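For this chain, numbers begin at 1 and follow the sequence in order. This is a predicted model, so every value here is computed, not measured.
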Amino acid sequence: MSLSYIMHLANYSDGVLYLLMVLLLIELTVIFDRGWYLRKAIRRGRETLNMISGHGKLSRQDLQMLVDQSRGLPEESMLSVALRYFGMIHHYGSARGEGFSNRLDEAIFLTTPSFDKRLWILDTIVTLAPLMGLFGTILGMFHAFSILAAPGHDATKVTGGVADALIATASGLFIAMLGLISFNAFNNTIEKIIHQMESLKMVLMNRMDGAPIVHEEPPASGPDLNSTQPSSPSGAQPKQKPSVSVSSAARVQHSAS
C-alpha cells in the first residue's frame with residue numbers, strides 16, 4: 001500500500017481517515033505511558049511487599065530506607081505516612097493501632113485516583129473511533145454513488161468506491177479494539193496494585209504494632225531415668241521371704257534332745 005493510495009483513501013473519506021490517524025497516535029501514547037508506569041508499579045511494589053513481609057519489627061531507620069527505595073511508586077505515600085506517625089503505634093495498644101490504620105487508609109484513598117490517570121482518553125477513543133469510521137464510510141458512499149449521476153457511468157467504479165469507503169470503518173474498529181484491550185488490561189493491573197497496597201497496610205500493622213514477641217516453648221526433655229522405678233503389675237503384692245518363729249524353733253530343738 002503506497003503513500004499515494006493512503007492519501008487517496010483519506011481524501012475519499014473527506015479527511016476522516018486523517019482524524020482516525022490522530023486518534024491512533026494519541027491512543028498509542030496513552031498506552032505506552034500507562035503501560036510503563038503500571039508495569040513498574042506492580043513489579044517494584046511486589047518486591048517492596050516481599051521485602052517487608054520477610055522483615056522483623058520495623059524501626060525508623062528501616063522505614064526511612066524503604067521510603068528512599070520506593071521513590072515514585074504508589075507505596076511511597078504509605079511508607080511516608082508510616083514513618084511520620086511512627087509514634088502512634090510504637091506502644092502496644094488497640095486505640096493507637098486503629099488511628100494508625102485510619103491514616104494508612106487515607107494514604108491509599110489519596111493515591112488511588114492517580115492510577116487511572118488519562119485512562120478516560122482510552123475510554124473515549126474506544127467509543128469515538130467506530131463512530132468516526134462509520135461517518136467516514138458514509139461520506140465515501142456519497143462519492144461512490146455520485147458516479148451513477150454522471151452520464152455514461154461505469155458500474156465497476158461504484159463497487160471500487162464502496163470498497164474504498166469501508167476502509168474508514170475498518171480503521172475505526174481496529175483503533176477501538178486496540179483501545180478496549182488495553183483499557184481492560186490496565187484496569188486489571190490497577191486492581192492488583194490496590195490489592196498490593198491493602199496487603200502492605202496489613203504487613204505494616206503487623207510489623208509495627210509493638211506487640212511482644214511470643215517465643216516458642218522449648219521441646220520437652222526425655223524421661224528422667226533416675227526417678228523412674230520399675231513398678232509391679234497392677235494389684236500384685238511383692239513377695240516376702242518366709243519367716244520362722246522363735247517358739248517353733250525351740251520346740252524342734254527340745255524334741256531332738
- Atom pair OG1 (Thr124) and CZ (Phe183), whose distance is rounded to the nearest 0.5 Å: 9.0 Å
- Could you tell me whether the side chain of Ile175 reaches within less than 4.5 Å of the side chain of Val126, counting heavy atoms only? no
- Message: Are Leu28 and Ile121 connected into the same hydrophobic cluster when the rule is that any two of I, L, V, M, F, W, Y join if their side-chain heavy atoms are below 4.5 Å apart?
- Response: yes
- Message: So which atom in Glu75 and which in Leu200 form the shortest heavy-atom distance, rounded to 0.1 Å?
- Response: CG-CD2, 3.4 Å
- Message: Could you measure the distance from the CG atom of Leu119 to the CG atom of Leu38? Nearest 0.5 Å is fine.
- Response: 7.0 Å
- For Ala41 and Leu73, work out which heavy atoms get closest and say how close. CA-CD2, 4.1 Å
- Query: If we ignore angles and hydrogens, is there a donor and acceptor under 3.5 Å between the side chains of Gln64 and Asp68?
  - Reply: yes
- Query: Are side-chain heavy atoms of Ser101 and Met205 found at a separation under 4.5 Å?
  - Reply: yes
- Query: Would the number of heavy atoms belonging to other residues, nucleotides or ligands and lying under 6.0 Å from CE of Met65 be above 12?
  - Reply: yes
- Query: Asp33 versus Val30: any side-chain heavy-atom pair under 4.5 Å?
  - Reply: no
- Inter-residue atom distance Leu122.CG - Ser182.OG, 0.5 Å rounding: 6.5 Å
- Around atom NZ of Lys192, are there more than 12 heavy atoms of other residues, nucleotides or ligands at under 6.0 Å? no
- Message: Quick check against the 3.5 Å criterion: does Glu27 have a side-chain atom that pairs as donor or acceptor with the backbone of Gly179?
- Response: yes
- Task: Please check if any side-chain donor atom of Ser77 sits under 3.5 Å from a side-chain acceptor atom of Thr111, or the reverse.
- Result: yes
- Query: Is Leu110 reachable from Ile194 through a run of I, L, V, M, F, W or Y residues, each pair having side-chain heavy atoms under 4.5 Å apart?
  - Reply: no
- In this structure, CZ of Arg118 is separated from CG of Asp123 (nearest 0.5 Å) by 15.5 Å
- Message: Counting only heavy atoms from other residues, nucleotides and ligands, does the tally under 6.0 Å from CZ of Arg39 exceed 12?
- Response: no
- Item | Cation-pi geometry met for Arg34 and Phe186 (6.0 Å, 45°) | no
- Message: Is there a path of hydrophobic side-chain contacts, each under 4.5 Å between heavy atoms, that joins Trp120 and Ile190?
- Response: yes
- Item | Min side-chain heavy-atom separation Ile42-Arg46 under 4.5 Å | yes
- Query: How far apart are the closest heavy atoms of Gln69 and Arg44, and which atoms are they?
  - Reply: O-NH2, 2.6 Å
- Single-linkage hydrophobic cluster Leu131~Val22, side-chain heavy atoms < 4.5 angstrom: no
- Determine the minimum heavy-atom distance between Ile108 and Met197, stating which atoms define it. CD1-O, 3.9 Å
- Which value, rounded to the nearest 0.5 Å, describes the distance between Ile52 atom CD1 and Leu66 atom CG? 4.5 Å
- Item | Side chain Thr137, main chain Thr169, donor-acceptor under 3.5 Å | yes
- Task: Work out which heavy atom in Ile125 is nearest to a heavy atom in Leu23; give both atom names and the distance.
- Result: CD1-O, 3.7 Å
- Query: Which of these, Ile181, Leu180, Asn188, sits in a side chain to side chain contact (heavy atoms under 4.5 Å, CB included) with Asn184?
  - Reply: Leu180
- Could you pull out the closest heavy-atom pair between Tyr37 and Gly72, with the gap in Å? CE1-O, 4.1 Å
- Query: Can you tell me how far CG of Leu134 sits from CG of Leu173, rounded to the nearest 0.5 angstrom?
  - Reply: 9.0 Å
